[in-house]
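Predicted model, so just to flag it, every value in this text is computed and none were measured.
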Amino acid sequence: MDAVGRRVVAGEQPWASAHQCLLEAAKKGMKQEPLSVRQNGGSPHFRVDASYVRGQDGVLDEQANRDSFHLGKLLGDVTCDLGLAYRLTGEKRYADHALTLIHTWCINQNTRMFPAGQVEDAWTPGGIYGGDVVMFNALRNLFLAIYLLNDYSDWNPSAHAAVRRWVRAMVEPQRELMFYEGSEMYNNWEDERLLYLANGALALDDLDMLDGVFNRWRQIIPMKMTSEGELPRETMRTRSMSYTLRALHDMTYVAEIAQQFGVNLYDYRADGKCLKLALDYAAHYLLHMESWPHPMIRSLPDDATPGQRMGQFELALAHWGEAHYLAAINAWGGRPLQEDHATLLFAKN
């Protein structure tokens with residue numbers, strides 16, 4: 001954070017503009033009223049319907065109840081904004097409000113979410129439940145916010161410990177591998193799980209959990225991609241580029257976390273496969289979408305995912321310094337990136 005702060009003070013771009021966007025988000029976050037999963041029908045459980053119409057991959061079900069997801073995602077995004085603003089400015093008001101929101105969701109009686117560590121069921125009786133991947137996406141930034149606040153001296157120790165117990169209950173059930181029809185998963189569901197666990201491990205200061213995430217990341221690299229860098233488990237689907245970017249986002253963020261602990265996943269290779277190969281494949285086609293050879297039932301940029309998941313190219317640019325990553329960023333929204341605050345979360349060389 002000190003290195004980022006120095007760049008902000010010096011007015012260097014994109015850090016200065018990213019910092020301004022963060023402060024605007026934090027100002028908005030200070031007005032956020034406490035959130036509870038119980039605002040979705042009164043239940044303390046995380047329940048969501050499947051996003052897509054049964055048997056129609058990528059076709060949104062407009063009748064699905066996904067309010068638990070939206071509430072959790074809003075909570076994670078706002079508390080992450082506030083936690084990062086606290087770390088970069090030192091202003092306690094950001095930390096205090098973030099903790100009010102965290103305590104309401106995690107530990108306060110009558111508002112807390114029961115920490116089962118999984119999506120309990122569909123919200124609609126008899127419906128298709130949304131799957132644990134929905135929870136991974138909704139709550140991972142909450143874990144990151146807790147990590148950013150772990151050294152806040154005014155966090156009551158008893159409340160802090162209770163929040164950590166809540167996080168522990170949320171992540172432990174997800175340490176086991178996921179399977180689909182008897183086969184272990186290594187598509188973007190697995191990538192979401194690994195980033196969820198990595199952020200949870202940061203919140204808990206759990207190096208054993210982090211080590212397990214890094215080892216699993218290495219294991220699935222050669223399983224995930226072709227020798228050209230295509231991710232077949234994503235390109236076979238109806239929103240192929242969007243799912244590719246989703247997988248790469250999570251893969252790259254885990255690599256960035258690993259780098260902060262002296263572990264180089266960025267340059268890890270197995271059977272000629274590596275993260276950069278897949279990033280280069282996607283970046284090339286983002287600059288030439290007219291030649292993308294895979295299904296897209298909603299063309300870019302109408303499909304919102306790319307504009308929300310370009311942080312991987314910011315991190316790739318910082319690591320390898322190659323111009324096509326910046327070109328991809330500029331082609332799909334430009335800097336500063338606000339999703340997950342890729343520009344600010346980690347010091348860049």
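Between the side chains of D49 and N65, no donor N or O sits under 3.5 Å from an acceptor N or O. Side chains of S17 and R335: a donor-acceptor N/O pair is absent below 3.5 angstrom, by distance only. Residues W292 and S240 bring a donor and an acceptor atom of their side chains to less than 3.5 Å of each other. W123 and N40 share a donor-acceptor pair across their side chains, judged by distance under 3.5 Å alone.
Hydrophobic clustering, with ILVMFWY side chains joined whenever heavy atoms are under 4.5 angstrom apart, groups L277 together with W320. Cluster annotation: F179 is not connected to I128 through the hydrophobic network of ILVMFWY side chains, with a link wherever side-chain heavy atoms come within less than 4.5 Å. Note: the hydrophobic cluster containing M236 does not contain Y180 (ILVMFWY, side chain heavy atoms under 4.5 Å, direct or indirect links). Taken together through direct or relayed side-chain contacts under 4.5 Å among Ile, Leu, Val, Met, Phe, Trp and Tyr, L195 and F261 form part of one hydrophobic cluster. Linking Ile, Leu, Val, Met, Phe, Trp and Tyr residues whenever their side-chain heavy atoms come within less than 4.5 Å places L74 and L71 in a single cluster.
Within the 3.5 Å criterion, the main-chain N or O of G117 finds a donor-acceptor partner in the side chain of Q174. Judged by distance alone, the side chain of W15 and the main-chain N or O of A10 form no donor-acceptor pair under 3.5 Å. Checked by atom type and distance alone, the side chain of D57 never pairs as donor or acceptor with a backbone atom of R237 at under 3.5 Å. A donor-acceptor distance shorter than 3.5 angstrom exists from the side chain of N199 to the backbone of R140, with no hydrogens or angles considered. Of the possible donor and acceptor atoms, none in the side chain of W217 sits under 3.5 Å from a partner among the backbone N and O of V254. In terms of modelled atom types and a separation under 3.5 Å, the side chain of D211 and the main chain of L207 share no donor-acceptor contact. Under the 3.5 Å distance criterion, the side-chain polar atoms of S68 are matched with a main-chain donor or acceptor of R47. Judged by distance alone, the side chain of N150 and the main-chain N or O of A203 form a donor-acceptor pair under 3.5 Å. With hydrogens and angles ignored, the 3.5 Å screen pairs a side-chain donor or acceptor of N156 with a backbone N or O of A159. Between the side chain of Q312 and the main chain of L245, a donor-acceptor pair closer than 3.5 Å is present.
Atom NE2 of H19 sits about 13.5 Å away from atom CD of E12, to the nearest 0.5 Å. Between atom CD of residue E314 and atom NE2 of residue H341 there is a gap of 13.0 Å, rounded to the nearest 0.5 Å. Rounding to the nearest 0.5 Å gives a distance of 12.5 Å between CD of Q13 and CZ of R7. Of the inter-residue distances, the one linking H103 atom NE2 with T111 atom OG1 reads 11.0 Å to the nearest 0.5 angstrom. L23 contributes atom CG, which lies 7.0 Å from atom OG1 of T89 (distance to the nearest 0.5 angstrom). With values rounded to the nearest 0.5 angstrom, D132 atom CG is found 9.5 Å from E120 atom CD.
Inter-residue side-chain proximity for F46 and V119 is flagged as met; some heavy-atom pair is nearer than 4.5 Å. Between C106 and L142, some side-chain heavy-atom pair lies under the 4.5 Å cut-off. A heavy-atom distance below 4.5 Å is found between the side chains of R218 and V263. At least one side-chain heavy atom of L210 sits less than 4.5 Å from a side-chain heavy atom of I257. Between L88 and L22, some side-chain heavy-atom pair lies under the 4.5 Å cut-off. Proximity of L202 to L144: side-chain heavy atoms (C-beta onward) are separated by under 4.5 Å at one or more points. The side-chain heavy atoms of D271 and S227, taken from C-beta on, include no pair separated by under 4.5 Å. For the pair I329/L337, a side-chain contact is recorded, criterion being any heavy-atom separation below 4.5 Å from C-beta on.
Atom CE of M223 has more than 12 heavy atoms from other residues, nucleotides or ligands within 6.0 Å. Environment of CZ in R233: sparse, with no more than 12 heavy atoms of neighbouring residues, nucleotides or ligands closer than 6.0 Å.
Minimum interatomic distance between K224 and P232 (heavy atoms only, all atoms of both residues): O-CD, 3.2 Å. The two residues I102 and I146 have their closest heavy-atom pair at CD1-CG1, 4.0 Å. Nearest heavy atoms, Y285 versus M241: CB-CE, 3.9 Å. A pairwise comparison of heavy atoms in L275 and L248 identifies CD1-CD2, 4.3 Å as the closest pair. Between Y196 and V171 the shortest heavy-atom distance is CE2-CG1, 4.1 Å. In terms of heavy-atom proximity, F214 sits nearest to L265 at CD2-CD1, 4.0 Å.
Salt bridge absent: R164 and D206 never bring a charged side-chain N and a carboxylate O closer than 4.0 Å. A salt bridge is defined here as a Lys NZ or Arg NE, NH1 or NH2 lying under 4.0 Å from an Asp or Glu carboxylate O, and K92 with D96 fails to meet this definition. Using a 4.0 Å cut-off between charged side-chain N and carboxylate O, E322 and K276 make a salt bridge. The pair R175-E172 counts as a salt bridge, with a side-chain nitrogen and a carboxylate oxygen less than 4.0 angstrom apart. A salt bridge links E184 with R216; the closest basic N to acidic carboxylate O contact falls under 4.0 Å. Classification of K28 and D81 as a salt-bridged pair fails, no side-chain N sitting under 4.0 Å from a carboxylate O. Between R246 and E234 there is no salt bridge, since no side-chain nitrogen of the basic residue lies less than 4.0 Å from a carboxylate oxygen of the acidic one.
Here the rule is ring-ring contact (aromatic ring centres under 6.0 Å, His included) with Y86, and of W155, Y152, Y94 only Y152 fits it.
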For this session: Could you walk me through whether D280 and H324 pass side-chain contact (heavy atoms from CB on, under 4.5 Å), step by step?
Result: CA-CA 8 Å; D280 287 348; H324 62 292; 2.8 Å; yes

Problem set entry | side-chain contact (heavy atoms from CB on, under 4.5 Å) between L82 and L101, worked out | CA-CA 10 Å; L82 294 170; L101 298 175; 4.1 Å; yes

For this session: Check the pair D267 / H319 against side-chain contact (heavy atoms from CB on, under 4.5 Å), numbers first and verdict last.
Result: CA-CA 10 Å; D267 299 305; H319 187 77; 2.9 Å; yes

Problem set entry | Audit row: E24, K27, salt bridge (charged side-chain N to carboxylate O under 4.0 Å, His left out) steps and yes/no | CA-CA 5 Å; E24 291 170 3; K27 180 180 179 181; over 6 Å; no

Exercise. Where do Y266 and L315 land on the side-chain contact (heavy atoms from CB on, under 4.5 Å) test, with the steps shown first?
Worked result: CA-CA 10 Å; Y266 276 114; L315 299 178; 3.4 Å; yes

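Classification of the F114-H45 ring pair by plane angle, with boundaries at 30° and 60°, yields perpendicular. Aromatic ring pairs are classed by plane angle as parallel below 30°, tilted from 30° to 60° and perpendicular above 60°; the pair H249 and Y253 is parallel. The aromatic rings of Y281 and H294 are tilted relative to each other, their planes meeting at an angle between 30° and 60°.
Under the 6.0 Å cut-off for aromatic ring centres, F143 and Y147 do not qualify, their centroids lying 6.0 Å or more apart.
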